[in-house]
Number of protein chains: 2
Amino acid sequence: MTKQPAPPALDRYDRHILEILQREGRISNQELADRIGLSPSPCLRRVRALEESGLIVGYRARVDSRRLGYSLTALLHISMDRHTPERFANFEAQVAALPQVQECLLITGQEADYQLKVVVRDMDDYQNLLLNCITRIEGVSGAHSSFVLRRVIDDTVLPAPE
Amino acid sequence: MTKQPAPPALDRYDRHILEILQREGRISNQELADRIGLSPSPCLRRVRALEESGLIVGYRARVDSRRLGYSLTALLHISMDRHTPERFANFEAQVAALPQVQECLLITGQEADYQLKVVVRDMDDYQNLLLNCITRIEGVSGAHSSFVLRRVIDDTVLPAPE
DNA sequence: ATGAAATCGGCATAAAATGCCAATTCATCA
DNA sequence: TGATGAATTGGCATTTTATGCCGATTTCAT
């Protein structure tokens, strides 16, 4: 675990940059500079600094999963039989190899140990994934499925504090 | 609900473009063209087509929420007292106004109706959000909290089928 | 095989990114 | 309050990239 140097302390320009780039990740530097009220040079310098500081982790194209043919999203709560590091590490490695698994969270407060978010074509795919892949992983003692009826809020912009 | 024209049918170039842009959303068109083995012109044409077809929804900078000061992520399962459209619409509107709510899913299969993913600074913030904002929304009859101990898999790349 | 439509690569032009430097701003301390 | 140094800005020249157009090639159905 490598902690990065120092908390950079963001001013209003940086916060504005972060806000805009979270919504429009491919905006040109010139347009971005116009929006925040700086000339292109310092604007680009700031963006680079945010990237190198690790505050901006990367950029992503967002694709419409339904239009790609994945019409079913499910949340899967997984319980493990024994809570040993080996069991957990193995489960995580197995699950990471499944492309349908979009997200895997180790959680507390639920009866489950993990919550997976999986995206599949249809219920047949889901059944197959669940029975032939997930529940066969060593240590998995229980699984409970929830299906996503609608994405009310998808993935909002994190406000930069202060 | 406006359905878009026709399923474009993706070839290997399109699939390759989608895969790369999901990982490196700000890659230059020239670099992208090199990677997929096309010249810049047709490569850019394809990217534009993917954008206009709606398959690529947009681009996002990903920020490190912890480094922004949000060290606590929680999953909140919400139950509603009565399942009327008005109740649901109102709840969704209220929740959409809370910047801490990163995601809101209408779900089935759980005892809850919604799952929220919220990102806050600390437990005090969480308590405040839960007691003063969420549970006060009309129609909310129950709430159950899970806390994210670790993000095992964050947000993987959707593979383009066929 | 043949024609039409789709797609490609190359090229000229426009736009954007990048690096450098003088000028300006900001903060601190005498 | 004024001066000094550090940080940051804006402008400019240069390099890189994006964009639009067109002829050449490929694809496909007939």
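Proteins come first, then strands; the chains are lettered A, B, ... in the order of their sequence lines, and each starts at number 1.
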Spacing of A:D14 atom CG relative to D:dT9 atom C1', expressed in whole Å: 14 Å
Atom-pair distance (CD1 on B:I17; P on C:dT7), nearest Å: 12 Å
Side chain of A:L44 (C-beta onward), nearest among D:dT9, C:dT18, C:dG10: C:dT18
B:D11 CG - C:dA6 P separation (whole Å): 15 Å
Interatomic distance, B:R45 CZ vs D:dG20 P [rounded to whole Å]: 11 Å
Gap between atoms CD and C1', on A:Q30 and D:dT15 respectively (whole Å): 14 Å
Sugar-phosphate, base or nothing in reach of A:S28, heavy atoms under 4.0 Å: sugar-phosphate
A:N29 CG - D:dT9 P separation (whole Å): 12 Å
Separation of atom CZ in A:R48 from atom P in C:dG19, rounded to whole Å: 8 Å
Inter-residue atom distance A:F147.CZ - B:L105.CG, 0.5 Å rounding: 13.5 Å
Plane angle bin for B:H83 and B:F88 - parallel if under 30°, tilted between 30 and 60°, otherwise perpendicular: perpendicular
Phosphate contact (C:dT7 OP1 or OP2) by B:R46 side-chain N/O below 4.0 Å: no
B:Y13 OH - D:dT27 P separation (whole Å): 10 Å
Closest to side chain of B:S41, choosing from D:dG10, D:dG20, C:dC8: D:dG20
Position toward the 5' end of DNA chain D (nearest nucleotide), A:R26 or A:P40: A:P40
Point-to-point distance, once rounded to the nearest 0.5 Å, from CZ of A:R35 to CD1 of A:I17: 12.5 Å
A:R87 side chain to A:D81 backbone, donor-acceptor under 3.5 Å: no
